[in-house]
Amino acid sequence: MCRLCGRRLESTPGSDRRPTSWASEAISRSCPRPGTPCRTLRSSACLDNSHPADEPEFLRPGCFWSAAQVRPDRPGPLAVAGYDPRAPHRPGVPDRREPRAPAVTLGPGSTASAQAVRLREFSAVGSPGGARVPSEGFVTSITHQSENFPEWYNDVVLKAELADYSPVRGCMIIRPYGYAIWESMQGELDRHIKATGHSNVYFPLFVPRSLLEKEAEHVEGFNPQVAWVTHAGGKALDEWLAIRPTSEAIIADSVKDWIQSYRDLPLLMNIWNNVVRWELRTRLFLRTTEFLWQEAHTFHATREEAEAEVATGLDCYDRVSEEWLAIPVIKGRKTDGEKFPGAEFTWCIEAMMRDKKALQAGTSHMLGQNFARAAGIEFLDRDNVRKNPYGTSWGFSTRMVGATVMAHGDDSGLVLPPNVAPVQVVIVPIFRTDEERAAVAGAIDRLQGALAETPEGKAVRVKVDWRDESPGFKYNHWELRGVPFRLEIGPRDVAAGQAIVVKRVDRSKEAVPLDRLAAELPARLGAYQAELLARARDFRDSNTHQVDTYQQLKDGLDGEGGFFLAPWCGNAKCEKQVNDETGATIRCIPFDSPDESGKCTVCGGSSERRVLFARAY
RNA sequence: CGGGGCGUGGCGCAGCCUGGUAGCGCACCUGAAUGGGGUUCAGGAGGCCGAGCGUUCGAAUCGCUCCGCCCCGACCA
């Protein structure tokens, strides 16, 4: 019922596609006054001209969002993302919203569930209400990894304040602490990209439909995931605008006038932006409807040069991943079934998370002449022949924040590599009286002064936690946030001229003289960074297995899990069978897997090398 | 889309059967003590009980309709 005019709002059949909760409400609550364009909204008012003053701000004519979300020319307003008007309607597509993690309270947890965990822990050590055994783990309201890894992940991302859910389904809000982590890896990758000769540029958010549809395989691959703007300025657009799912199409079109001669090549560009891909199933950072990333786009005169560029891109990712995020990766080539729509081939890096599942950490695509040809880009080569340039594109996204969480975290929360940690060292002062406080503060001031003038000039990101909370509370607070080192400085330490240095990753404690601490911290952070990488590499290697029969592969996947290197004949049918029957996919054909003749794990046909099978995110 | 369940302060829940204008824990604010692994005590602020319509003197509670969410299945990847 329209709350303004009282007309009944009727349900519209076929409203099973639900891009957002409120848009779906709009769809199913259209107000069918005959002959009157009617825009009905979540407020359950029918917003026709008779009561325009009540229109929500964001629905007034001229407002972009009103245009994007509502179609006045249809009884059921349909600006439906992922909706291909040419496709037959498919009923029965379910609403697959990722379940929200049970929201949680921060801080000293005593929510019901936290208490349940606490009770469980007490009973686990056999002394309900008795003294806690420190090594038995902390009282915490984070789900244990071994209990339910996805829930652990959600708990950590929310409680460490990396991100939050948004009012729009599938989208996320990146909070300051999470954004700082993103900025760190973004900065590092940007340095690599520039060092390899690329320039940052910007292209529009909107892609005219005709451009997106020029490359046939590309359209087909992306169409189901594209969000369309159908209205703007209060009226229907003659040509729909896609909200970019990626920018190949618009870039290829835009640069065609820039490239006339081989002298204009190579053209090496990079964009930092957001893209939208309508996902049915989303997870914070790992797969969101809108995400932030970098996409490099290059054009070259020769195939060889373009192929070298694909390697350059992958190399940037490999280095950022290993050197900055301490995540070891396996480089390889995607199978044809997994490659980018419109590419000739796709290279990738794959990483192992602590639940032994794989995560695609970055991809680099050889576009060949596909997009150039579709967009009509031609240049005159040395030999005075007009040719289409060869293109590449490569992308690295906020998903890597999730990868960092899942590659290093433990039951106490995040474990961050120092390079990306927004806070590398947290100092927790301990005192009772004002005199003690003053003494501790003095020691901390001197330490901070010394840190500011480290010989290497390398600033250490230090935070002193003076909040009026108990020390134990602060320990847990910063452990949850993955801070690599904690310094405890109390009266006893000031007297002894030392600080207690606690490593987050193994919680080891060590007394270090205050006068050496500042000089040593950078090296300790460096060692910590290396230790995390080594730890992750050990974990991955010890969970990577060679298997030769399908039975072994299935047993392995269902058993302890991990990565499985197995022979494959190259046939897509075998690939699909494994996926259908085990849920695993071929993550890549690793570059470092040696030539080795064998029999395909699935069909027994001849295989030239082993490929990497795993269940993946 | 089929079957089941659930919507009550920020979060987790009780109250509903047997209508009388809302309560608990955590989080939040204030004060004091405490402070070397999630510290106590005291005081305080915060809720049109998912929405609409009905029944009634009176609805969180009863009835109808709608909306949203979760689980299982099917579908998709």
Side-chain angles (χ1 to χ4, degrees), chain A residues 1-3 6 8-11 13-18 20-22 24-29 41-45 82 90-118 121 131-142 155 158-159 164-165 167 169 221 224-225 277-282 287 337-338 412-413 428-433 436-437 440 465-480 486-494 496 499-500 502 507 509 511 576 579-580 583 585 616-617:
Chain A
M1 183 87 72
C2 173
R3 79 184 145 77
R8 184 167 173 72
L9 305 178
E10 289 181 2
S11 290
S15 58
D16 52 284
R17 284 169 178 273
R18 295 175 181 172
T20 71
S21 54
W22 72 266
S24 77
E25 196 167 346
I27 290 167
S28 58
R29 277 208 191 171
L41 292 166
R42 66 191 312 201
S43 55
S44 55
R90 290 185 307 158
V93 176
D95 180 350
R96 295 276 308 258
R97 176 169 187 171
E98 177 72 2
R100 283 202 172 197
V104 283
T105 40
L106 303 175
S110 312
T111 58
S113 65
Q115 282 169 341
V117 169
R118 186 178 308 181
E121 283 179 351
R132 210 168 53 230
V133 181
S135 61
E136 281 294 323
F138 283 77
V139 174
T140 174
S141 42
I142 303 177
D155 283 353
L158 293 169
K159 292 188 179 186
D164 211 340
Y165 293 104
R169 170 182 308 181
Q225 290 192 291
R277 296 179 185 177
W278 219 262
E279 301 283 356
L280 291 180
R281 213 197 144 93
T282 60
R287 171 169 283 118
E338 299 270 329
S412 296
V428 178
I430 296 161
F431 55 89
R432 289 165 225 259
T433 62
E436 286 179 349
R437 183 189 160 110
V440 169
D465 189 351
W466 282 111
R467 286 178 305 168
D468 187 17
E469 299 284 357
S470 73
F473 177 89
K474 294 175 187 174
Y475 298 166
N476 286 283
H477 178 92
W478 294 108
E479 280 177 11
L480 170 60
R486 172 175 83 237
L487 307 186
E488 303 173 12
I489 303 182
R492 296 205 293 268
D493 303 305
V494 176
I500 305 297
V502 186
R507 219 177 259 124
K509 298 191 179 188
K576 185 170 185 308
N579 184 226
D580 289 347
T585 47
Y617 280 96

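In what follows, chains are A, B, ... by sequence order, proteins preceding strands, each numbered from 1. Predicted, not measured: the structure shown is a model, and the values here were computed from it.
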Rounded to whole angstrom units, what separation is found between the [atom1] atom of [X] and the [atom2] atom of [N]?
| X | N | atom1 | atom2 | answer |
| --- | --- | --- | --- | --- |
| A:Leu158 | B:A27 | CG | C1' | 15 Å |
| A:Gln225 | B:C76 | CD | C1' | 12 Å |
| A:Tyr165 | B:G68 | OH | P | 19 Å |
| A:Arg277 | B:C76 | CZ | C1' | 18 Å |
| A:Asn476 | B:G35 | CG | P | 18 Å |
| A:Arg467 | B:G38 | CZ | C1' | 12 Å |
| A:Tyr475 | B:G37 | OH | C1' | 7 Å |
| A:Arg437 | B:G36 | CZ | C1' | 17 Å |

Between [N] and [M], how many Å separate the two [atom1] atoms, rounded to a whole number?
| N | M | atom1 | result |
| --- | --- | --- | --- |
| B:A45 | B:C26 | C1' | 16 Å |
| B:C71 | B:U34 | P | 49 Å |
| B:C11 | B:G47 | C1' | 14 Å |
| B:G63 | B:G7 | P | 15 Å |
| B:C49 | B:A22 | C1' | 8 Å |
| B:G9 | B:C48 | C1' | 13 Å |
| B:G10 | B:C66 | P | 28 Å |
| B:C16 | B:G58 | P | 22 Å |

Listed partners of [X] passing side-chain hydrogen bond (donor to acceptor under 3.5 Å, both in side chains), at least two apart:
| X | answer |
| --- | --- |
| A:Asp493 | A:Gln498 |
| A:Lys576 | A:Asp580 |
| A:Glu488 | A:Tyr475, A:Arg486 |

Problem set entry | Backbone of A:Asp465 reached by a side-chain donor or acceptor of A:Lys474 within 3.5 Å | yes
For this session: Taking the side chain as every heavy atom from C-beta outward, state whether A:Val440 and A:Ile430 have any pair of such atoms under 4.5 Å apart.
Result: no
Problem set entry | Nearest heavy-atom neighbours spanning A:Glu436 and A:Phe431 | OE1-C, 3.7 Å
Exercise. Does the B:G37 base have a donor-acceptor partner in the side chain of A:Arg486 within less than 3.5 Å?
Worked result: yes
Exercise. So, does the side chain of A:Glu469 form a donor-acceptor pair with the base of B:G38 at under 3.5 Å?
Worked result: no
Exercise. So what stems show up for RNA chain B if we need 3 or more Watson-Crick or G-U pairs in a row, all under 3.5 Å?
Worked result: B:1-7 with B:67-73, B:10-13 with B:23-26, B:28-33 with B:39-44, B:50-54 with B:62-66
Problem set entry | Non-neighbouring partners of A:Asn579 that pass side-chain contact (heavy atoms from CB on, under 4.5 Å), sequence neighbours left out | A:Thr585
Exercise. Taking the nucleotide of RNA chain B with the closest heavy atom to each, which residue, A:His477 or A:Phe431, is nearer the 5' end?
Worked result: A:Phe431
Seminar exercise, completed: Taking for A:Asn579 and for A:Asp493 the nucleotide of RNA chain B with the nearest heavy atom, the one nearer the 5' end belongs to A:Asp493
Exercise. Just to confirm, is there a sub-4.0 Å distance from OP1 or OP2 of B:G35 to any side-chain nitrogen or oxygen of A:Ser470?
Worked result: no
Seminar exercise, completed: For A:Glu338, the salt bridge (charged side-chain N to carboxylate O under 4.0 Å, His left out) test, sequence neighbours excluded, returns none
Seminar exercise, completed: Of the candidates B:U39, B:G37, B:G36, the side chain of A:Lys509 sits closest to B:G37
Exercise. Can you tell which of B:U39, B:G37, B:G36 lies closest to the side chain of A:Arg507?
Worked result: B:G37
